[in-house]
Amino acid sequence: MSEIKSPILQVRHLSKSFGSHQVLKDIDFETYHGNVICIIGASGSGKSTLLRCINMLETPTSGQILFHGGDITEKGTNINTYRSKVGMVFQSFNLFNNMTVLENCMAGVTKVLKKDRKTAEETALKYLSKVGMAEYINAKPNQLSGGQKQRVAIARALAMEPEMLLFDEPTSALDPQMVGEVLEVMRELAEEGMTMVIVTHEMAFARDVSSHVVFMKDGVVAEEGEPSALFGNPKQESTKEFLARFR
Ligand code: ADP
Ligand code: MG
């Protein structure tokens, strides 16, 4: 009998309004282990709101977000435990500026995962080494470049040993010369089989690295598919128009 794999995350009929402004309209998608899903689309199309709903930073107006089949939008969900399994990396890093690099990467491990300090330190060091930031353990975030900060933020997310990671335009706040070092870390994670949902404007990266691409327009999934199809032979006029901006 063939093994039937079930999705890690399922978004079903997700809608979100702010007042009378409907920002997400009946979004459906799912993520399986090892998927790298890139979400592309113009500014204002609802990409961040979608990730923020998945991470429970926003409450959906309607619809479901199922994590291993359980609806996380229901009362009684332990949000901190859920976020330790579905980590998020933000455009603006969101590091704790009063803590060192090492402390940033240990905080969730001790507070949420309840590991002892020695284990947390070993875990933090392991992932800081992975992103090439081990020599900066005693630095404060404001002593680092944008690319270094984002690599620390990725290490902090990895230190929770999550099942999947969400990235919201992780390179959009960076000077151009620092984009590559962050994308390189993400590319390596993808190659190692990390499950990721990535909002990005880096089209070459999305084409190379993703298993699936979702194009959002005005709060709906306007087109989705394999990267070769979506980038090479887009079907919708709106997709063609959007991609033409990057040529
Ligand atoms: P994207 O990430 O694709 O640029 P966003 O999800 O940030 O898009 O925003 C989609 C729309 O939702 C925009 O029109 C934005 O102004 C609106 N929006 C986002 N967050 C809020 C909020 N907290 N309150 C009101 N409107 C919001
Ligand atoms: Mg956004």
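Below, each value reflects all heavy atoms present in this structure, side chains not excepted, and no hydrogens, waters or symmetry copies.
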Engineer: Of I39, L165, V11, V214, which meets side-chain contact (heavy atoms from CB on, under 4.5 Å) against V197?
Structural biologist: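 With V197 as partner, I39, L165, V11, V214 yield a single side-chain contact (heavy atoms from CB on, under 4.5 Å), made by I39.
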Engineer: Only pairs under 3.5 Å count here: list side-chain donor-acceptor contacts from residues 89-99, not counting sequence neighbours, and write none if there are none.
Structural biologist:
{"unit_1": "S92", "atom_1": "OG", "unit_2": "N94", "atom_2": "OD1", "d": "3.0"}

Engineer: Any heavy-atom pair between the side chains of V152 and L128 that's under 4.5 Å?
Structural biologist: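 A side-chain contact exists here, since the closest heavy-atom pair is under 4.5 Å.
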Engineer: Out of V182, L144, V185, T171, which one pairs with Q150 under the side-chain contact (heavy atoms from CB on, under 4.5 Å) rule?
Structural biologist: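 Exactly one candidate clears the test, V182.
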Engineer: Please check: side-chain N/O of K130 versus main-chain N/O of L189, any donor-acceptor pairing under 3.5 Å?
Structural biologist: no
Engineer: Only pairs at least two apart or in different chains count here, so list each side-chain hydrogen bond (donor to acceptor under 3.5 Å, both in side chains) that has a residue in residues 205-214.
Structural biologist: R187-D208, H212-E224
Engineer: Do F231 and I40 have side-chain heavy atoms sitting under 4.5 Å apart?
Structural biologist: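 A side-chain contact under 4.5 Å exists here.
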Engineer: Taking atom CG of N138 and atom CD of Q143, what is their separation to the nearest 0.5 Å?
Structural biologist: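 CD of Q143 is found 9.5 Å from CG of N138.
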Engineer: Check whether any side-chain heavy atom of F67 lies under 4.5 Å from a side-chain heavy atom of T77, and answer yes or no.
Structural biologist: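 Side chain of F67 against side chain of T77, heavy atoms only: no contact under 4.5 Å found.
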Engineer: For residues 138-152, which residue pairs pass the salt bridge (charged side-chain N to carboxylate O under 4.0 Å, His left out) check, not counting sequence neighbours?
Structural biologist: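 Listed once each, the pairs are R151-E181.
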Engineer: Any heavy-atom pair between the side chains of P60 and I65 that's under 4.5 Å?
Structural biologist: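 The answer is yes, as the side chains (C-beta and beyond) meet within the 4.5 Å cut-off.
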Engineer: Within a strict 4.5 Å, meaning less than it, do heavy atoms of the C53 and L14 side chains meet?
Structural biologist: yes
Engineer: Is V209 close to C38 at the side-chain level, that is, under 4.5 Å between some pair of heavy atoms?
Structural biologist: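 Not in contact.
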Engineer: Using residues 233-247 as the side-chain source, report each donor-acceptor pair under 3.5 Å to any protein atom, sequence neighbours left out, with the distance given to one decimal.
Structural biologist:
{"unit_1": "T239", "atom_1": "OG1", "unit_2": "E223", "atom_2": "OE1", "d": "2.7"}

Engineer: Cut-off 3.5 Å, side chains only: do H68 and E163 have a donor facing an acceptor?
Structural biologist: yes
Engineer: Which residue is it: T31, V36, N35? I am looking for the one with a side-chain contact (heavy atoms from CB on, under 4.5 Å) to M196.
Structural biologist: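 Testing M196 for a side-chain contact (heavy atoms from CB on, under 4.5 Å) against T31, V36, N35 leaves exactly one candidate, V36.
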Engineer: CD1 of I72 to CG of L66: how many Å apart, nearest 0.5 Å?
Structural biologist: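 Result: 9.0 Å between the selected atoms.
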Engineer: Mind checking what makes side chain to side chain donor-acceptor pair (under 3.5 Å) contact with T119, not counting sequence neighbours?
Structural biologist: D116
Engineer: Tell me yes or no: between the side chains of D168 and S48, is some donor less than 3.5 Å from an acceptor?
Structural biologist: yes
Engineer: Within the structure provided, determine whether K85 and T81 are in side-chain contact (heavy-atom separation under 4.5 Å).
Structural biologist: yes
Engineer: Among residues at least two apart in sequence or on other chains, which ones pass salt bridge (Lys or Arg N to Asp or Glu O under 4.0 Å) with E161?
Structural biologist: K126
Engineer: Does K217 reach the main-chain N or O of A42 with its side chain, forming a donor-acceptor pair under 3.5 Å?
Structural biologist: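 Flag not set: sc K217 to bb A42 has no pair under 3.5 Å.
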Engineer: For E202, does its backbone N or O pair with a side-chain atom of T200 as donor and acceptor, under 3.5 Å?
Structural biologist: yes
